[in-house]
2 protein chains.
Amino acid sequence: MTGSTGDTRSRIQQVALELFTEQGYEKTSLREIAERLGVTKAALYYHFKSKDDIVDSFVADRINRLDQLIDWAARQPTDAASRRATLRRYAEEFFGNEGQSVMRFFEQNQTVVKQLSSGQMMRDRLLRVADVLAGPDPTPGDQLRATMAIFAVHGSLFALRQPEISLEQRQQLALELAFELLDRVGAPEPGRPTG
Amino acid sequence: MTGSTGDTRSRIQQVALELFTEQGYEKTSLREIAERLGVTKAALYYHFKSKDDIVDSFVADRINRLDQLIDWAARQPTDAASRRATLRRYAEEFFGNEGQSVMRFFEQNQTVVKQLSSGQMMRDRLLRVADVLAGPDPTPGDQLRATMAIFAVHGSLFALRQPEISLEQRQQLALELAFELLDRVGAPEPGRPTG
DNA sequence: GTCTATACTTAGATAGAC
DNA sequence: GTCTATCTAAGTATAGAC
């Protein structure tokens, strides 16, 4: 059954995502991916324009889902409850199904993310979520606060080093901390005009 | 004066750190570094064993300084004031002089950091600072809290996107948020035994 | 002690045969 | 849809000029 055709493209995506996440994008050669699938490098080039293009292919869907989230969030009122709801949705995207594997790839490949077009887009979406969370006309303190709330979700994967902590627990802990940060967005800060 | 000897090694370090940070470690070729200095690739190999070795050379000093910080922090009492003092020292290392340029390199090169030996060491030190901040026998919530406090320092560089915000302001804002997180380490949490 | 010339290996990528 | 062959550029290594 190894020679079954048609799914080669998705098998490439699957193996590539796995290797890119485990050992890094740059450290993973196309030869390695090809060998794992029992084909040659050139075969990969039939299915994808370039190495970058493999990444783009499994990132596009994530971008779309984040765009939907941003649109939805931007239409909510700018209160604490809405910020919580937005972050909760973000966490669900992050921890859910295939979402998590792609997000982990980005977590593991921050450098590459800066160079790749899909990485730029992903980074842009992250900052936009932060912008929505920070609300209109935010103080720098609010900006930092909103961004760190998002990063609490990401950080729950590597900051909690006991492997026995489940993904559900990580998500729960991340949200608790993120809510604590978000609930004080717009609150008086040192150096902020009180009026 | 281009041929002035002796400082070639440090000029390599300087140019390499600059290019690695700007465009990423993998995207920067040795040829590019060599050309910028008006020498050949082989000349680099006289001064450094490998590309990795260039990174190691300017990271070693940072590791030492972080080790000193960790030793000092571990000898402090485990109260909120000491945690603040530890994080303040961390921020000073992060924002200070050459400290910042190397830290920025790591910020920009998270993937590489996982593969390089010096990167592993640096990552290890970060987590150790988080361990000290989280205190003895920490809850997962405390672990996440401590790690995010450190990341507030890092995040102040990219989360605050107005370039006119000075480094001093970033440091100040990062500390305010980090202190808010740290002051609640050890405090009662949902799901934590109160006794 | 400092560097150049040269060459080796492997990477990503392309053209064309089957 | 996949393979063979080949290209360019990367990191690496060494012999030897000065």
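Only this structure's heavy atoms are used, side chains among them; waters, hydrogens and symmetry mates stay out. Just so it is clear: chains get the letters A, B, ... in the order the sequence lines come, proteins before strands, and each one is counted from 1.
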> Nearest-Å distance, CZ (Phe48(B)) to P (dG11(D))?
Replying inline: 15 Å

> Is it true that Arg36(B) and Glu32(B) have a side-chain N and a carboxylate O under 4.0 angstrom from each other?
Replying inline: no

> Quick one: is Thr8(A) getting a side-chain N or O under 4.0 Å of the dG1(D) phosphate, OP1 or OP2?
Replying inline: no

> Hey, are the side chains of Lys51(A) and Phe20(A) touching, using non-hydrogen atoms and a 4.5 Å cut-off?
Replying inline: yes

>> For a quick test of reading the model: is some side-chain N or O of Arg31(B) closer than 4.0 Å to OP1 or OP2 of dA10(D)?
In response: yes

> Heavy atoms under 4.0 Å, any strand shown: does Ser29(A) hit a base, just sugar-phosphate, or nothing?
Replying inline: sugar-phosphate

>> Any donor-acceptor pair under 3.5 Å linking the side-chain atoms of Gln14(A) with those of Glu18(A)?
In response: no

> Leu37(B) CG to dT2(C) P: how many Å, rounded?
Replying inline: 15 Å

>> Reading DNA chain D from 5' onward, which residue's closest nucleotide shows up sooner: Ala42(B) or Lys51(B)?
In response: Lys51(B)

>> Please confirm whether the shortest side-chain N or O distance from His47(B) to OP1 or OP2 of dG1(C) is below 4.0 Å.
In response: no

>> On the nucleotide dT14(C), are OP1 or OP2 found under 4.0 Å from the side-chain N or O atoms that Tyr45(A) carries?
In response: no

> Can you check whether Leu173(A) reaches Thr139(B) side chain to side chain, under 4.5 Å on heavy atoms?
Replying inline: no

> Quick one: Ile54(B) CD1 to dT12(D) C1', roughly how many Å, whole number?
Replying inline: 12 Å

> Is there a donor on the side chain of Lys41(B) or the base of dT12(D) sitting less than 3.5 Å from an acceptor on the other?
Replying inline: yes

> Please give, in whole Å, the distance from dG1(C) C1' to Arg9(B) CZ?
Replying inline: 14 Å

>> Among dC3(D), dG12(C), dT12(D), which nucleotide has an atom closest to any side-chain atom of Leu30(A)?
In response: dG12(C)

> Expressed in angstrom and rounded to an integer, what is the separation of Leu44(B) atom CG from dA13(D) atom P?
Replying inline: 13 Å

>> How many whole angstroms separate atom NZ of Lys49(A) from atom P of dT14(C)?
In response: 10 Å

>> Please determine whether a side-chain nitrogen or oxygen atom of Tyr46(B) lies at a distance below 4.0 Å from atom OP1 or OP2 of dC3(C).
In response: no

> Please give, in whole Å, the distance from dG11(D) C1' to Glu26(A) CD?
Replying inline: 13 Å

> When the distance from CD1 of Ile33(B) to P of dG11(D) is rounded to whole Å, what number comes out?
Replying inline: 8 Å

> According to the interplanar angle, ranging from 0 to 90°, do the rings of Phe58(A) and Phe105(A) count as parallel (below 30°), tilted (30 to 60°) or perpendicular (above 60°)?
Replying inline: perpendicular

